[in-house]
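So the structure is just underneath, and the comments pick up after that.
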Amino acid sequence: MPELPEVETTRRGIEPHLLRQTIKKVILRQTRLRWPVPRNLNQKLAGQPVLALQRRGKYLLVTTPRGSLILHLGMSGSIRILPANTPPEKHDHLDIVLTNGQCLRFRDPRRFGAVLFTSADPLQHKLLRHLGPEPLSRAFNGKYLYEESRGRKVAVKLFIMNSKVVVGVGNIYASEALFLAGIHPKRISGRLTLERYDKLARAIKKVLRAAIRQGGTTLRDFTATDGKPGYFRQKLNVYGRAGQPCNVCSTPIRQITLGQRSSYYCPHCQK
DNA sequence: AATCGCGCCTGACGGC
DNA sequence: TGCCGTCAGGCGCGAT
């Protein structure tokens, strides 16, 4: 499922194919995604050159002179670059056809993803305006987490998965980062010390960087733009490993539910 | 203000 | 073989 590393892998994969290319047309086959996809995308984007390909959190931003396309992969979305005449398959909802004969194809079986358009600064869009810092930026560090968490009673795992606190940390990497930092996922966020948040911020950066290096994590359906899966799965310490021995101490990994989501941790290494 | 639970949606999988 | 129930989950939103 796409978290920040998968989205960044996608961004890097499509950027060389899109930058400075011209959009010939937009083919929309399915408008019912998380929010209705605007039907006038072709009118807005046809003839427009692609000026920039950015990522903010898990959102991808395709900027043209007339406005920006805002893409979100939800949890089953993927983007590929293909020859424009490749026949679409069942869940291929959108094509951005380029004048060079290639096209960007958006696929999303579960349709939790999003395709939106804004004529204004996409970073000021309602969905992006209130997002927290990028986890790989300098603004994101232990001091920030410590200060932001004071007075909060929510569990630390849910705290770091809150996109208003920090973007891009989803269920997989939250569990993995907490393991690396030696922190129990249920610890109350407002009671953790600065020292522990220092360790956690470093762990988040470390796990996200490593995952980007590996091309993301493929569990079911994530593939990079070239169709290859991510290889980070082999490096997971706790996620999806309930009952299996901890890589550090051999204690069986435990699975609990936190905020209606599966969490995995080592009861010996994480306190 | 912070937190919690809901609902969107399909595919994989296990049981019968 | 096929059907059915369960689970997976990002994240905005409404309720508390």
Side-chain angles (χ1 to χ4, degrees), chain A residues 1-10 29-37 55-61 70-79 88-94 106-116 118 122 124-132 134-135 145-177 185-192 204 208 211 216-223 229-230 232-233 236 238-243 255-264:
Chain A
M1 41 222 74
E3 296 188 29
L4 186 149
E6 292 73 27
V7 179
E8 181 60 21
T9 297
T10 300
R29 303 186 189 84
Q30 169 65 271
T31 60
R32 294 171 55 209
L33 300 185
R34 192 177 202 297
W35 296 283
V37 180
R55 178 189 59 74
R56 176 74 175 102
K58 299 178 190 171
Y59 291 93
L60 280 171
L61 308 172
I70 300 175
L71 302 172
H72 196 290
L73 301 178
M75 55 167 293
S76 61
S78 62
I79 288 173
E89 293 179 33
K90 190 174 176 186
H91 302 293
D92 292 341
H93 307 315
L94 178 88
F106 177 89
R107 172 183 298 186
D108 186 6
R110 266 158 274 186
R111 291 200 258 131
F112 279 17
V115 177
L116 298 168
T118 177
Q124 294 308 312
H125 188 277
K126 186 184 164 197
L127 293 173
L128 285 79
R129 201 174 2 184
H130 302 292
L131 294 177
E134 287 289 328
L145 282 178
Y146 176 77
E147 288 174 356
E148 197 68 17
S149 63
R150 292 310 90 181
R152 301 244 205 160
K153 294 186 170 137
V154 73
V156 62
K157 175 163 180 270
L158 299 180
F159 177 67
I160 60 171
M161 287 177 67
N162 180 344
S163 63
K164 291 192 175 68
V165 173
V166 56
V167 295
V169 183
N171 202 36
I172 299 173
Y173 300 120
S175 279
E176 293 299 314
K186 275 194 174 169
R187 277 268 107 85
I188 301 301
S189 51
R191 304 231 183 93
L192 284 181
I204 289 170
L208 292 177
T217 302
T218 294
L219 290 183
R220 286 200 184 79
D221 29 30
F222 175 77
T223 55
F232 192 70
R233 182 172 194 174
L236 297 178
V238 289
Y239 187 87
R241 295 194 63 237
Q255 176 175 7
I256 53 171
T257 298
L258 209 43
Q260 293 105 259
R261 227 157 274 154
S262 283
S263 293
Y264 302 87

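If you're wondering where the values come from, they're calculated on a predicted model, not measured in any experiment.
- Shown here are the side chain to side chain contact (heavy atoms under 4.5 Å, CB included) partners of A:Gln124, two or more places apart in sequence or in another chain: A:Asp121, A:Arg129.
- Here the shortest heavy-atom pairing between A:Leu94 and A:Arg29 reads N-NH1, 4.1 Å.
- Residue A:Tyr264 places no side-chain N or O under 4.0 Å from the OP1 or OP2 atom of C:dA8.
- Atom pair A:Asp92:CG and B:dT10:P shows a separation of 15 Å (rounding to whole Å applied).
- A:Lys157 pairs by the side chain to side chain contact (heavy atoms under 4.5 Å, CB included) definition with A:Met161, A:Asn171, A:Ala174, A:Ser175, A:Leu178, A:Pro185, A:Leu258, A:Ser263, not counting sequence neighbours.
- What separates CG of A:Leu33 from C1' of B:dC8 is a distance of 11 Å, to the nearest Å.
- Between B:dC9 and A:Ser76, no contact under 4.0 Å exists linking OP1 or OP2 to a side-chain N or O.
- Direction of the helix axis in the helix from B:dA2-C:dT16 to B:dC16-C:dG2 shifts by 40° between the two five-pair termini, rounded to 10°.
- With sequence neighbours excluded, no residue forms a ring pair (Phe, Tyr, Trp, His ring centres under 6.0 Å) with A:Phe106.
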Is there any protein nitrogen or oxygen under 3.5 Å from a nitrogen or oxygen in nucleotides 3-6 of chain B, and what are the pairs?
from	atom 1	to	atom 2	distance (Å)
B:dT3	OP1	A:Lys153	N	2.4
B:dT3	OP1	A:Val154	N	2.9
B:dT3	OP2	A:Arg152	NH1	3.4
B:dG5	OP2	A:Gln260	OE1	3.4

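- For A:Ser149, the side chain to side chain contact (heavy atoms under 4.5 Å, CB included) partners are A:Phe159, A:Ser189, A:Tyr197, not counting sequence neighbours.
- Among the atoms of the strands shown, only primed sugar atoms or phosphate atoms (P, OP1, OP2) are found under 4.0 Å from some heavy atom of A:Lys90.
- Rounded to whole angstrom, the span from the CD atom of A:Gln30 across to the P atom of B:dC8 amounts to 15 Å.
- As a whole-Å value, the separation of A:His130 NE2 from C:dC11 P is 16 Å.
- Partners of A:Arg241 by salt bridge (charged side-chain N to carboxylate O under 4.0 Å, His left out), not counting sequence neighbours: none found.
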So which protein N/O to nucleotides 14-16 of chain C N/O distances come out below 3.5 Å?
none

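- Put simply, A:His72 has no side-chain N or O that comes within less than 4.0 Å of OP1 or OP2 on C:dG10.
- The CZ atom of A:Arg111 sits 6 Å away from the P atom of B:dC9 (whole-angstrom rounding).
- Rounded to whole Å, atom P of B:dA1 lies 12 Å from atom NZ of A:Lys164.
- Between A:Met75 atom CE and C:dC11 atom C1' there is a gap of 12 Å when expressed in whole angstrom units.
- The A:Gln255 side chain lies nearest to C:dA8 when the options are C:dG10, B:dG11, C:dA8.
- Rounded to whole Å, atom P of C:dC11 lies 9 Å from atom CD of A:Glu3.
- A:Arg187 CZ: 12 or fewer foreign heavy atoms inside a 6.0 Å radius.
- Both A:His91 and A:Phe112 lie close to DNA chain B; mapped to their nearest nucleotides by heavy-atom distance, the more 5′-ward contact belongs to A:Phe112.
- Comparing B:dC9, C:dA8, C:dG12 by their nearest atom to the side chain of A:Ser262 picks out C:dA8.
- The environment of A:Arg32 atom CZ is sparse: at most 12 non-hydrogen atoms of other residues, nucleotides or ligands sit within 6.0 angstrom.
- Qualifying side chain to side chain contact (heavy atoms under 4.5 Å, CB included) partners for A:Glu147, counting only residues two or more places apart in sequence or in other chains: A:Lys143.
- Scored by the salt bridge (charged side-chain N to carboxylate O under 4.0 Å, His left out) test, A:Arg56 finds A:Glu134 as partners (sequence neighbours excluded).
- Sorted by first and then second residue, the side chain to side chain donor-acceptor pair (under 3.5 Å) pairs with a member in residues 160-170 of chain A form an empty list; sequence neighbours excluded.
- Between A:Arg34 and C:dG10 there is no side-chain polar atom (N or O) within less than 4.0 angstrom of OP1 or OP2.
- Here A:His72 pairs with A:Tyr59 under the ring pair (Phe, Tyr, Trp, His ring centres under 6.0 Å) rule; sequence neighbours left out.
- Remark: A:Lys126 is not in phosphate contact with C:dC11, judged by side-chain N or O atoms under 4.0 Å from OP1 or OP2.
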